2 protein chains.
Amino acid sequence: MLSKKTKYALKALINLAGQPPDEPVLISELARLEQIPRKFLEAILLSLKNAGLLQSKIGKGGGYFLAREPRNISIGSIIKVLEGGYAPVQCLNASNNPGCDECNDFSTCGIRLVMTDVMQAISSVLETTTLADMVERSDNAKQANANVVDFNI
Amino acid sequence: MLSKKTKYALKALINLAGQPPDEPVLISELARLEQIPRKFLEAILLSLKNAGLLQSKIGKGGGYFLAREPRNISIGSIIKVLEGGYAPVQCLNASNNPGCDECNDFSTCGIRLVMTDVMQAISSVLETTTLADMVERSDNAKQANANVVDFNI
DNA sequence: ACAAATGTCTATTTATTCTATAGACATTAA
DNA sequence: TTAATGTCTATAGAATAAATAGACATTTGT
């Protein structure tokens, strides 16, 4: 289950995706628009910047903007920053692998073997879907709604 | 990420899958074998029973046993009991749908639209993989290990 | 050089969820 | 009738997530 933090991050990025990259957006502006606690959002944006997904400009006229085009930012890469990966069990996270407490034999653990398949399935979606796709799908849905309204009128 | 509770449940069920259904296993025995806190396991097994995955017998000679064959118990059905589903966002959980706090428009939420795909991918694995599959994969891995040992000797 | 605007960083608090434990109770078999 | 066993309710403890506070550093424009 995505944490609130991750959802906040996605919302902020969706917002920034609709903004020209030469017009930085203020943290406080983003917080207000997306209804995210300002200080909490600060920390989120900083993580995204440290991960190379965002850039920032300090001082007057500063703010945040996307480091690359929305179609070059996968949803998976975003989630990895906020949640540290999307493995259904700890022992499948590539690096920092402390293994599972409950597991006596890593190599034959049935849970891990099945969860490897699950993770693969998740990956295949998250790695191929981009921020641009997410925005596009939302826009399409809005368009569809608008058409229904037109029809009813 | 699967909770410890869910992993305990899977371990207990794997154990019971290797047991003839007419020989109930004691909670305390399961707890000892799988190294699960006894009282915690009690609650877990009870949930699984209430969900119809396990049956129990009270009194001397009693204990727990699978309600049906391992090949008829999907991993998804197990996870649903312990985690209440496997939706990556709350608003995708079929029933008890309180929606997401952060979402102003359900129908056009890009996060939900993308996460629907993710959930579908997870489903396709969890609904088609059974307890029997999980046991089998573990057994295969054990066999493979054994062969390597034989070869080395 | 200065002041205002803005992001950066560290620490702390509060809330929520997960994990674990305790003990009384109900049921069955011998 | 008694011992063995699962059932139920309540609570405590630990870990994690969410939110807040305030001092600091950097840039821009005058």
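These numbers were taken from a predicted model, which means no experiment stands behind them.
Summarising the geometry, the separation between CG on B/Leu45 and C1' on C/dA20 is reported as 15 Å, rounded to the nearest angstrom. As rounded to whole Å, 13 Å separates atom P of D/dT9 from atom NZ of B/Lys39. Residue B/Leu41 contributes atom CG, which lies 12 Å from atom P of D/dT7 at whole-angstrom precision. In this structure, A/Glu83 places its CD atom 13 Å from C1' of D/dA18, rounding to the nearest Å.
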Could you tabulate the donor-acceptor pairs under 3.5 Å formed by side-chain atoms of residues 22-38 of chain A, not counting sequence neighbours?
from: A/Glu29; atom 1: OE1; to: A/Arg32; atom 2: NH2; distance (Å): 3.3
from: A/Glu29; atom 1: OE2; to: A/Arg32; atom 2: NH2; distance (Å): 2.9
from: A/Glu34; atom 1: OE2; to: A/Asn15; atom 2: ND2; distance (Å): 2.9

Ignoring hydrogens and angles, write down the donor-acceptor pairs under 3.5 Å from the side chains of residues 113-125 of chain A, residues two or more places apart or on other chains.
from: A/Thr116; atom 1: OG1; to: A/Arg112; atom 2: O; distance (Å): 2.8
from: A/Asp117; atom 1: OD2; to: B/Arg137; atom 2: NH1; distance (Å): 2.7
from: A/Ser123; atom 1: OG; to: A/Met119; atom 2: O; distance (Å): 3.3
from: A/Ser124; atom 1: OG; to: A/Ala121; atom 2: O; distance (Å): 2.8

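Partners of A/Glu127 according to the salt bridge (charged side-chain N to carboxylate O under 4.0 Å, His left out) rule, which considers only residues two or more places apart in sequence or in another chain, are A/Lys80. With sequence neighbours excluded, no residue forms a side chain to side chain donor-acceptor pair (under 3.5 Å) with A/Ser47. For B/Ser74, the side chain to side chain donor-acceptor pair (under 3.5 Å) partners at least two apart in sequence or on another chain are B/Ser77. Partners of B/Tyr64 under the ring pair (Phe, Tyr, Trp, His ring centres under 6.0 Å) rule, at least two apart in sequence or in another chain, do not exist in this structure. Applying the side chain to side chain donor-acceptor pair (under 3.5 Å) test to B/Lys60 and every residue at least two apart in sequence or in another chain returns nothing. Residues passing the side chain to side chain donor-acceptor pair (under 3.5 Å) test with A/Lys7, sequence neighbours excluded: B/Glu102.
Axis angle across the helix from C/dA1-D/dT30 to C/dA30-D/dT1, with five pairs used at each end and values rounded to 10°: 20°.
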Report, one pair per line, the protein and nucleotides 2-6 of chain D atoms (nitrogen or oxygen only) whose separation is under 3.5 Å.
from: D/dG6; atom 1: OP1; to: B/Ile27; atom 2: N; distance (Å): 3.3
from: D/dG6; atom 1: O3'; to: B/Ser56; atom 2: OG; distance (Å): 3.4

What N/O pairs connect the protein and nucleotides 11-19 of chain C at under 3.5 Å? Give each pair on its own line.
from: C/dT19; atom 1: OP1; to: B/Lys4; atom 2: N; distance (Å): 2.9

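Counting only residues at least two apart or in different chains, ring pair (Phe, Tyr, Trp, His ring centres under 6.0 Å) contacts with residues 21-50 of chain A comprise A/Tyr8-A/Phe40.
Looking only at atom types and distance, the side chain of B/Asn145 has no donor-acceptor partner in the side chain of A/Thr108 under 3.5 Å away.
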